[in-house]
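Starting from 1, each residue takes its place in the sequence as its number. This is a predicted model, so every value here is computed, not measured.
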Amino acid sequence: MARTRRGAGLESSDVTVSELYEIASRCGLRVEKRIKRGDIIVDLVNRNSVRIDKTTDELLAMNCDDLSNYLKSRKVSRTEILKLLSQFDIRPASSEKTNLLEFAAREISDVGMYQRVAKGAR
């Protein structure tokens, strides 16, 4: 079953994972070798759409659960999550990439908490 309506054609096609890696590379997407076929398709379909509509400050003000729910509800792609994490200079280890959304929510909410504590210490 296709993950997204727009990716249904690719999902049911005979395009191999290797071919998807090549297409993603040509589109400027950085694709990890262990990423699943469906995740590559979602990233390809969503490559030009930005789903995060909150500012960095708004994201930092959210707690982990709220941030996780927000990212899930917006159906943010792996690529967009990795871009967001790079804004905070956070580089997830390969083991953390299996549940990237939860990792991002935890890390960003921690950064926000540290910022709030630092502001209160002044």
Side-chain angles (χ1 to χ4, degrees):
M1 188 165 131
R3 287 175 170 228
T4 65
R5 198 174 194 87
R6 295 184 329 192
L10 271 177
E11 192 74 47
S12 62
S13 74
D14 292 333
V15 177
T16 66
V17 173
S18 297
E19 292 168 328
L20 287 171
Y21 282 125
E22 185 179 324
I23 293 167
S25 294
R26 280 188 274 153
C27 290
L29 296 174
R30 290 182 291 160
V31 179
E32 308 286 326
K33 283 292 181 188
R34 292 186 188 149
I35 192 171
K36 296 176 186 171
R37 184 178 193 277
D39 290 335
I40 298 171
I41 291 169
V42 169
D43 285 350
L44 282 168
V45 169
N46 294 329
R47 74 181 182 273
N48 292 325
S49 66
V50 177
R51 297 189 178 260
I52 298 173
D53 61 356
K54 294 191 179 288
T55 66
T56 304
D57 290 335
E58 290 173 315
L59 295 173
L60 288 170
M62 299 172 84
N63 68 36
C64 185
D65 290 336
D66 291 341
L67 189 50
S68 176
N69 290 335
Y70 170 74
L71 294 173
K72 286 177 188 173
S73 71
R74 301 294 298 169
K75 297 180 181 159
V76 179
S77 70
R78 291 177 58 83
T79 303
E80 194 170 356
I81 292 173
L82 289 170
K83 281 182 188 177
L84 177 63
L85 288 171
S86 71
Q87 290 177 358
F88 297 105
D89 201 26
I90 299 171
R91 310 267 184 260
S94 60
S95 62
E96 295 157 337
K97 289 182 182 176
T98 56
N99 198 346
L100 188 60
L101 190 141
E102 295 300 325
F103 171 78
R106 209 173 35 251
E107 291 295 310
I108 293 169
S109 68
D110 284 352
V111 170
M113 179 192 59
Y114 297 139
Q115 284 185 349
R116 289 188 296 279
V117 167
K119 286 179 184 176
R122 291 181 184 166

Engineer: With rounding to the nearest 0.5 Å, note down the distance linking CD in Glu107 to CG in Leu85.
Structural biologist: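 Glu107 atom CD to Leu85 atom CG measures 7.5 Å (nearest 0.5 Å).
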Engineer: So how far is it from Ile90 CD1 to Ile108 CD1, rounded to the nearest 0.5 Å?
Structural biologist: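 Answer rounded to 0.5 Å: 6.0 Å.
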Engineer: Taking all non-hydrogen atoms of both residues, which atom of Ala105 and which atom of Cys64 are closest, and how far apart?
Structural biologist: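 Here Ala105 and Cys64 meet closest at CB-O, 3.7 Å.
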Engineer: Side chain of Ser25, backbone of Tyr21: donor and acceptor closer than 3.5 Å?
Structural biologist: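 Yes, because the side chain of Ser25 sits within donor-acceptor range (under 3.5 Å) of the backbone of Tyr21.
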Engineer: Give a yes or no on whether the backbone of Arg51 and the side-chain of Glu80 come within a donor-acceptor separation of less than 3.5 Å.
Structural biologist: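 It does hold such a pair.
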Engineer: Restricting to salt bridge (charged side-chain N to carboxylate O under 4.0 Å, His left out), what partner residues turn up for Glu22, sequence neighbours left out?
Structural biologist: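 Per chain and number, Glu22 pairs via salt bridge (charged side-chain N to carboxylate O under 4.0 Å, His left out) with Arg26.
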Engineer: Can you list everything that forms a salt bridge (charged side-chain N to carboxylate O under 4.0 Å, His left out) with Lys83? Sequence neighbours excluded, please.
Structural biologist: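 Partners of Lys83 under the salt bridge (charged side-chain N to carboxylate O under 4.0 Å, His left out) test: none.
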Engineer: Check salt bridge (charged side-chain N to carboxylate O under 4.0 Å, His left out) between Asp89 and all other residues, then give those that pass, not counting sequence neighbours.
Structural biologist: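 By the salt bridge (charged side-chain N to carboxylate O under 4.0 Å, His left out) rule, Asp89 matches Arg91.
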Engineer: In terms of side-chain heavy atoms, does Glu19 have a donor or acceptor partner in Thr16 at a distance below 3.5 Å?
Structural biologist: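 Present: a donor and an acceptor within the cut-off.
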Engineer: With Tyr114, which residues qualify under side chain to side chain contact (heavy atoms under 4.5 Å, CB included), at least two apart?
Structural biologist: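 Applying side chain to side chain contact (heavy atoms under 4.5 Å, CB included) to Tyr114 gives Asp110.
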Engineer: Could you measure the distance from the CG atom of Asn63 to the CE atom of Met113? Nearest 0.5 Å is fine.
Structural biologist: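 These two atoms lie 11.5 Å from each other.
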Engineer: For the pair Leu101 and Val76, evaluate side chain to side chain contact (heavy atoms under 4.5 Å, CB included) and give the outcome as yes or no after the intermediate values.
Structural biologist: CA-CA 8 Å; Leu101 190 141; Val76 179; 5.6 Å; no
Engineer: Do Phe103 and Ile81 pass the side chain to side chain contact (heavy atoms under 4.5 Å, CB included) test, and can you show the C-alpha distance, the side-chain angles, and the key distance before you say yes or no?
Structural biologist: CA-CA 10 Å; Phe103 171 78; Ile81 292 173; over 6 Å; no
Engineer: Find the distance between OG (Ser77) and CD1 (Ile41) and round it off to the nearest 0.5 Å.
Structural biologist: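 Rounded to the nearest 0.5 Å, the OG-CD1 separation comes to 14.0 Å.
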Engineer: Within this structure, what is the CG-OH distance for the pair Leu59 and Tyr70, rounded to the nearest 0.5 Å?
Structural biologist: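 The CG atom of Leu59 sits 6.0 Å away from the OH atom of Tyr70.
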Engineer: Which heavy atom of Glu96 sits nearest a heavy atom of Ala93, and at what distance?
Structural biologist: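 Scanning both residues, the minimum pair turns out to be OE1-N, 2.6 Å.
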Engineer: Measure across Ala104 and Leu67 and return the closest heavy-atom pair with its distance rounded to 0.1 Å.
Structural biologist: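 Heavy atoms only, the tightest pair is O-CD2, 4.4 Å.
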Engineer: Among pairs that include at least one residue of residues 52-70, which meet salt bridge (charged side-chain N to carboxylate O under 4.0 Å, His left out), considering only residues two or more places apart or in two chains?
Structural biologist: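 Passing the test, one end in residues 52-70: Asp53-Arg74.
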Engineer: Of all heavy-atom pairs between Ala24 and Leu44, which one has the smallest distance, and what is that distance?
Structural biologist: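 Heavy atoms only, the tightest pair is CA-CD2, 3.7 Å.
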Engineer: For the atom pair CG (Leu100) and CZ (Arg78), what is the distance rounded to the nearest 0.5 Å?
Structural biologist: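 Leu100 CG to Arg78 CZ: 5.0 Å, rounded to 0.5 Å.
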Engineer: Please list, chain by chain and in numerical order, all residues satisfying side chain to side chain contact (heavy atoms under 4.5 Å, CB included) with Ser13, sequence neighbours excluded.
Structural biologist: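 With sequence neighbours excluded, Ser13 shows a side chain to side chain contact (heavy atoms under 4.5 Å, CB included) to Leu10, Val15, Arg37, given in chain and number order.
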